[in-house]
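Here the structure comes first, spelled out in structure tokens, and everything after it is commentary.
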Protein chains: 2
Amino acid sequence: MDIPKQIRDCGLRATLPRVRVLQLFHEHPGKHLSADDISHLLANEKINVILPTVYRVLMQFADANILIRHTFDAERAVFELNEGSHHDHLICTKCGRVDEFIDEAIERRQKAVAQQRRFVLQTHTLTLYGLCAQCASRVR
Amino acid sequence: MDIPKQIRDCGLRATLPRVRVLQLFHEHPGKHLSADDISHLLANEKINVILPTVYRVLMQFADANILIRHTFDAERAVFELNEGSHHDHLICTKCGRVDEFIDEAIERRQKAVAQQRRFVLQTHTLTLYGLCAQCASRVR
DNA sequence: GTGTATGCAAAGAGTTTGCAGCACT
DNA sequence: AGTGCTGCAAACTCTTTGCATACAC
């Protein structure tokens with residue numbers, strides 16, 4: 001995957017902050033990273049990218065549909081690579097782990113609910129909160 | 001409904017801010033109000049309740065399960081009366097209107113998805129975004 | 001009277017913006 | 001060479017907290 005090219009294809013210049021941020025997402029597949037996470041990861045590599053720049057880059061990538069922005073809890077936004085396939089999330093309230101799932105039956109029912117109310121569906125978010133298998137077995 | 005009593009039953013004193021805030025929710029059934037909304041509504045009645053107090057009261061009511069706190073978009077939290085029955089939401093991205101729905105098939109599938117992954121379900125949020133019937137007909 | 005709740009002021013966290021100089025194309 | 005991008009500083013929004021006074025019980 002040619003990351004600079006992918007960036008240029010969005011009409012953006014392939015600058016160091018943009019390349020490294022996008023690489024980070026490819027290096028952490030399935031991870032949901034916040035602006036702060038990214039800032040720290042870059043700092044660890046001794047790359048000096050300031051937080052406002054991280055926000056700007058993330059916002060541009062989200063606008064370009066390279067990333068998807070989620071706000072699971074209200075405190076902070078997290079981003080993940082847009083692999084093209086929609087999915088919903090399972091979040092562990094103990095360890096913060098985020099898993100993904102897709103259930104066609106639920107998707108169909110959602111469309112039915114919307115149609116029944118003459119509601120033109122654009123997007124949806126479904127998030128299940130609870131204890132992941134590991135945390136659940138540790139608790140009891 | 002004796003509002004002061006309901007408040008005292010939570011172990012809280014029936015003060016003016018608490019009584020008026022809870023009354024507001026009863027006066028606006030089905031509405032989802034933010035701290036700012038409430039502050040303005042109270043200001044209109046010439047009741048001087050400062051924003052931090054509104055936040056404190058809302059937080060206490062949410063802790064007492066009188067209210068439910070939602071964070072549909074990340075910008076601000078909104079609250080609604082807890083009528084005891086779970087439901088999901090349809091939000092119009094044009095006019096901001098919030099409707100509620102419940103679909104047993106979706107609820108069942110969610111439990112199945114969680115169980116299949118040995119995930120101990122605590123809560124979930126499902127929100128459909130799109131155009132409500134009115135806005136949809138106005139657009140085209 | 002006692003202890004809790006409020007008003008006020010200020011702090012905090014996450015995020016956004018203005019601007020001047022630097023870097024990608 | 002020119003325009004877009006970044007760093008820096010500061011602002012902004014929503015929310016929380018500390019403290020002294022005021023009120024509910």
Side-chain angles (χ1 to χ4, degrees), chain A residues 2-24 32-43 45-64 66-79 96, chain B residues 2-24 32-43 45-64 66-79 96:
Chain A
D2 185 350
I3 288 182
K5 178 172 186 314
Q6 191 183 357
I7 294 172
R8 265 185 241 104
D9 287 350
C10 305
L12 299 169
R13 290 182 178 176
T15 63
L16 180 68
R18 290 192 184 130
V19 172
R20 285 306 294 129
V21 167
L22 192 47
Q23 259 173 8
L24 275 184
H32 295 71
L33 302 172
S34 69
D36 209 55
D37 293 336
I38 290 166
S39 175
H40 283 102
L41 288 169
L42 295 181
E45 308 177 14
K46 309 280 187 246
I47 296 182
N48 182 30
V49 174
I50 218 80
L51 203 48
T53 297
V54 174
Y55 276 106
R56 278 186 279 228
V57 169
L58 289 173
M59 165 95 88
Q60 291 157 344
F61 286 170
D63 285 347
I66 296 180
L67 297 180
I68 301 175
R69 177 189 163 129
H70 298 287
T71 51
F72 296 129
D73 52 18
E75 342 262 74
R76 65 209 222 302
V78 293
F79 295 78
Chain B
D2 186 349
I3 287 183
K5 177 172 188 315
Q6 190 181 358
I7 293 172
R8 265 185 242 104
D9 286 349
C10 306
L12 299 169
R13 291 182 177 176
T15 62
L16 180 66
R18 289 191 183 130
V19 172
R20 284 306 293 128
V21 167
L22 192 46
Q23 259 172 9
L24 274 184
H32 296 72
L33 302 172
S34 68
D36 209 57
D37 293 337
I38 289 166
S39 175
H40 282 103
L41 288 169
L42 295 180
E45 306 178 14
K46 309 278 186 248
I47 297 181
N48 182 31
V49 174
I50 219 79
L51 202 48
T53 297
V54 175
Y55 277 105
R56 277 187 278 230
V57 169
L58 290 174
M59 165 95 88
Q60 291 156 343
F61 287 171
D63 285 346
I66 297 181
L67 297 181
I68 301 175
R69 177 190 161 126
H70 298 286
T71 51
F72 296 128
D73 53 17
E75 343 261 76
R76 65 210 222 300
V78 293
F79 296 77

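Chain naming here is simple, since letters A, B, ... match the order of the sequence lines and numbering starts at 1 in each.
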Base D:dG7 to side chain A:Arg56, donor-acceptor N/O within 3.5 Å cut-off: yes
Quick one: are [X] and [Y] in side-chain contact, heavy atoms under 4.5 Å?
| X | Y | result |
| --- | --- | --- |
| B:Gln6 | B:Asp2 | no |
| B:Leu42 | B:Val21 | yes |
| A:Met59 | A:Arg69 | no |
| B:Ile7 | B:Gln60 | no |
| B:Leu24 | B:Glu45 | yes |

Side chain of [X] only, heavy atoms from C-beta on: which candidate in [options] is closest?
| X | options | answer |
| --- | --- | --- |
| A:Thr53 | C:dG7, D:dG7, D:dC25 | D:dG7 |
| B:Thr15 | C:dT25, D:dT6, C:dT6 | C:dT6 |
| B:Pro17 | C:dT6, D:dT15, D:dG7 | C:dT6 |
| A:Tyr55 | D:dA24, D:dC8, C:dT16 | C:dT16 |

Separation of atom [atom1] in [X] from atom [atom2] in [N], rounded to whole Å:
| X | N | atom1 | atom2 | value |
| --- | --- | --- | --- | --- |
| A:Asn48 | C:dC22 | CG | C1' | 14 Å |
| A:Asp63 | D:dG4 | CG | P | 16 Å |
| A:Arg18 | D:dG7 | CZ | P | 11 Å |
| B:Leu12 | D:dC25 | CG | C1' | 13 Å |
| B:Leu42 | C:dT6 | CG | P | 12 Å |
| A:Asp9 | C:dT25 | CG | C1' | 14 Å |
| B:Arg13 | C:dG1 | CZ | C1' | 11 Å |
| A:Ile50 | D:dG7 | CD1 | P | 7 Å |

With nearest nucleotide decided by heavy atoms, which residue, B:Arg8 or B:Ser34, maps closer to the 5′ end of DNA chain D? B:Ser34
Closest-nucleotide ordering on DNA chain D, the 5'-leading residue of A:Gln60 and A:Pro52: A:Gln60
Answer with base, sugar-phosphate or nothing: what part of the nucleic acid does [X] contact at a heavy-atom distance below 4.0 Å?
| X | result |
| --- | --- |
| B:Asp36 | nothing |
| B:Ala74 | nothing |
| A:Leu16 | nothing |
| A:Arg76 | sugar-phosphate |

